[in-house]
Amino acid sequence: MQRQSRVMAVCGMMTALGVVLMLLGHVLGLGLYAAPMLVGLALVPIGNRYGRKYHVLMWLAIGILSALIGVNAEQTLFFALFFGLYPILRPFFMRLPKLLRVIAKLGYCNAVAIAIELLVLYVIAPEAIGLPLLLLLLALGNLLFFCFDFVIPYTELLLRNLQKRIRRLLS
């Protein structure tokens with residue numbers, strides 16, 4: 001029972017941190033891609049340590065709360081459909097053979113990015129951005145995706161090492 005309470009407390013704190021980061025990214029105006037990416041990376045170690053069920057619940061809670069609080073719609077969509085969801089789906093991609101894995105990851109990345117940008121372009125904020133700039137953003141988004149995908153395995157390692165150092169300092 002104590003372990004379950006601890007897990008729920010940690011997950012609740014991480015969910016609150018995720019919502020605050022999303023809100024800060026919106027308020028400060030620099031978080032359209034950075035805030036969802038940081039929140040997605042922050043959830044990876046929790047999901048690895050406590051399981052996919054908690055990862056999915058935190059992803060849903062942050063996505064819903066971000067939308068309800070009034071975080072930028074595009075930022076919320078990028079978290080909900082891309083940076084928050086991809087770490088949950090990543091283990092499924094990693095089971096594929098290497099070439100098929102790269103194709104599937106690129107397909108997922110581009111499909112989600114195009115869908116979000118079309119939704120923003122035609123529904124949320126028509127005429128906010130032109131097609132040439134959209135194509136440039138898509139190319140840069142692919143580069144950002146590979147960086148994000150590369151960093152995911154190292155976040156758990158980084159936090160594990162940080163936890164060991166803190167324990168040594170406190171001992």
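Just so it is clear, the structure is predicted and the values come from calculations on it, not from any experiment. In what follows, every heavy atom counts, from backbone to side chain, and hydrogens, waters and symmetry copies are set aside.
- In this structure, Arg52 has no salt bridge (Lys or Arg N to Asp or Glu O under 4.0 Å) partners at least two apart in sequence or on a different chain.
- Among all heavy-atom pairs drawn from Pro45 and Ala42, the shortest one is CD-O, 3.4 Å.
- By the side chain to side chain contact (heavy atoms under 4.5 Å, CB included) test, Arg168 pairs with Lys164, Arg165, sequence neighbours left out.
- Under the rule for a side chain to side chain donor-acceptor pair (under 3.5 Å), Arg101 has no partner lying at least two apart in sequence or in another chain.
- From Gln75, atom CD reaches atom CG of Leu23 across 8.5 Å, with rounding to the nearest 0.5 Å.
- Between atom CG of residue Leu144 and atom CZ of residue Phe78 there is a gap of 9.0 Å, rounded to the nearest 0.5 Å.
- Using a 4.5 Å heavy-atom threshold, the side chains of Leu143 and Phe148 count as separate.
- Annotation: side chain to side chain contact (heavy atoms under 4.5 Å, CB included) contacts of Asn48 (sequence neighbours excluded): Val44, Glu156.
- Side-chain contact between Leu43 and Phe79 is present, with at least one heavy-atom pair separated by less than 4.5 Å.
- Residues meeting the side chain to side chain contact (heavy atoms under 4.5 Å, CB included) test with Leu157, sequence neighbours left out: Tyr154, Asn161.
- The minimum heavy-atom distance linking Val39 with Met22 is given by the pair CG2-CG, 4.0 Å.
- A chain of hydrophobic side-chain contacts below 4.5 Å, direct or via other Ile, Leu, Val, Met, Phe, Trp or Tyr residues, connects Ile69 to Leu21.
- Considering CG of Leu138 and CD1 of Ile114, their distance stands at 5.0 Å, rounded to 0.5 Å.
- With sequence neighbours left out, the side chain to side chain contact (heavy atoms under 4.5 Å, CB included) criterion links Cys109 to Phe82, Asn142, Phe145.
- Using a 4.5 Å cut-off between side-chain heavy atoms of Ile, Leu, Val, Met, Phe, Trp and Tyr, Met13 forms no hydrophobic cluster with any other residue.
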Only pairs under 3.5 Å count here: list side-chain donor-acceptor contacts from residues 85-100, not counting sequence neighbours, and write none if there are none.
unit_1: Tyr86; atom_1: OH; unit_2: Asp149; atom_2: OD1; d: 2.6
unit_1: Arg90; atom_1: NE; unit_2: Asp149; atom_2: OD1; d: 2.8

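- The side chain to side chain donor-acceptor pair (under 3.5 Å) check on Tyr54 picks up Gln4, with sequence neighbours excluded.
- The hydrophobic cluster of Leu38 has no other members, since no ILVMFWY side-chain heavy atom comes under 4.5 Å of it.
- Leu57 and Ile46 are not part of a single hydrophobic cluster, where members link through side-chain heavy atoms under 4.5 Å apart.
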Hey, can you pull the donor-acceptor pairs under 3.5 Å for the side chains in residues 58-66, sequence neighbours left out?
unit_1: Trp59; atom_1: NE1; unit_2: Ala80; atom_2: O; d: 2.9
unit_1: Ser66; atom_1: OG; unit_2: Ile62; atom_2: O; d: 2.7

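- Listed by first then second residue, pairs satisfying salt bridge (charged side-chain N to carboxylate O under 4.0 Å, His left out) with a partner in residues 62-72 number zero, not counting sequence neighbours.
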